[in-house]
Undergrad: 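Have a look at this one before I ask anything.
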Amino acid sequence: MHGAESISFRMVHRGVRGSGKVQVDHRNCHRPAALEVKQCGCGTGLAEQRSAARSGHGPKPEIKIAFRLTEAPSLGVFEFATSSWTLAGTLEPVLRAFAEGQASVQCELRIESHSFETSDGVQVTCHEPVLVLG
C-alpha cells in the first residue's frame with residue numbers, strides 16, 4: 001500500500017431517524033444534513049462500539065483498502081471494502097506505520113475462517129478479513 005490515503009477507516013451510523021448517515025469520531029456524532037454535532041455515547045473501544053452497534057445505537061466500521069499485488073504490481077490498484085469488526089481491530093499497526101512517516105507498507109490481506117456451534121446446535125463457519133503488517 002502506498003500512502004496513508006490507501007486506507008479509509010471511519011465509523012458510520014446509517015439510517016438514524018431520517019438523518020441519513022452519521023459519522024462518528026469517538027467523541028462527537030456529525031450529522032451532515034442537519035450540520036449538527038452531538039456528544040457521542042457509543043464508547044471509545046471497539047468492544048464498546050460493537051456492543052452499541054449491535055443494539056442499534058452505535059456506528060459500524062466502514063473500511064476501504066487500496067492496494068497493489070506485490071508479485072504483480074502491473075495489474076493495477078485493487079480495492080477491498082468491508083464493515084468487518086475483525087479487520088477494524090487489525091488496522092492499528094498499519095495506520096501507525098503511515099502516521100510515523102512510512103511512504104509505503106507491505107501487508108498481507110487474508111481471510112480467516114472461524115467455526116462455532118450455535119445454541120441450537122447448528123455448526124456455522126464465518127470468514128473474516130485480517131490485515132497483517134509485513
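The analysis underlying the following values was restricted to heavy atoms, covering all of them including side chains, and did not include hydrogens, waters or symmetry mates.
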Undergrad: Tell me which pairs pass ring-ring contact (aromatic ring centres under 6.0 Å, His included) where either residue lies in residues 104-134, with sequence neighbours left out.
TA: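 Every pair satisfying ring-ring contact (aromatic ring centres under 6.0 Å, His included) with a residue in residues 104-134: there are none.
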Undergrad: Considering only residues two or more places apart or on different chains, which pairs with a residue in residues 113-127 satisfy salt bridge (Lys or Arg N to Asp or Glu O under 4.0 Å)?
TA: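 Sorted pair list comes back empty.
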Undergrad: Applying the 4.5 Å side-chain criterion to the ILVMFWY set and letting contacts propagate, would Val105 and Leu69 be lumped into a single cluster?
TA: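 Yes, Val105 connects to Leu69 through the hydrophobic network.
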Undergrad: Linking Ile, Leu, Val, Met, Phe, Trp and Tyr by side-chain heavy atoms under 4.5 Å, what else ends up with Val77?
TA: none
Undergrad: Can you name the residues that form a side-chain contact (heavy atoms from CB on, under 4.5 Å) with Ser84, not counting sequence neighbours?
TA: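 Scan of Ser84 (side-chain contact (heavy atoms from CB on, under 4.5 Å), adjacent residues dropped) gives Thr82, Thr86, Leu87, Glu128, Pro129.
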Undergrad: Pair up each side-chain donor or acceptor in residues 91-101 with any protein partner under 3.5 Å, not counting sequence neighbours, and list the distances.
TA:
unit_1, atom_1, unit_2, atom_2, d
Glu92, OE2, Arg96, NH1, 3.3

Undergrad: Do Met1 and Ser104 have side-chain heavy atoms sitting under 4.5 Å apart?
TA: no
Undergrad: According to side-chain hydrogen bond (donor to acceptor under 3.5 Å, both in side chains), who are the partners of Thr125, at least two apart in sequence or on a separate chain?
TA: Ser115
Undergrad: Any chance you could measure Arg10, atom CZ, to Ile63, atom CD1, to the nearest 0.5 Å?
TA: 11.5 Å
Undergrad: Can you run down the ring-ring contact (aromatic ring centres under 6.0 Å, His included) pairs that involve residues 58-95, sequence neighbours left out, and say none if there aren't any?
TA: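 Applying ring-ring contact (aromatic ring centres under 6.0 Å, His included) to every pair that reaches into residues 58-95, excluding sequence neighbours, yields Phe67-Phe78.
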Undergrad: So, using salt bridge (charged side-chain N to carboxylate O under 4.0 Å, His left out) as the criterion, who are the partners of Glu108 when residues are at least two apart?
TA: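 Result, salt bridge (charged side-chain N to carboxylate O under 4.0 Å, His left out) vs Glu108: Arg110.
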Undergrad: With sequence neighbours left out, which residue pairs that include part of residues 63-76 fulfil the salt bridge (Lys or Arg N to Asp or Glu O under 4.0 Å) condition?
TA: none
Undergrad: Answer yes or no: are there more than 12 heavy-atom neighbours, outside Glu79 itself, under 6.0 Å from its atom CD?
TA: yes
Undergrad: Answer with yes or no whether the hydrophobic clustering places Val130 together with Phe9; edges join I, L, V, M, F, W, Y residues whose side-chain heavy atoms lie under 4.5 Å apart.
TA: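 The answer is no; the residues belong to distinct hydrophobic clusters.
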Undergrad: Can you tell me how far the CD1 atom of Ile65 sits from the CG atom of Leu131, to the nearest 0.5 Å?
TA: 5.0 Å
Undergrad: Quick one: pull up SG in Cys126 and CD1 in Ile111 and give me the separation to the nearest 0.5 Å.
TA: 12.0 Å
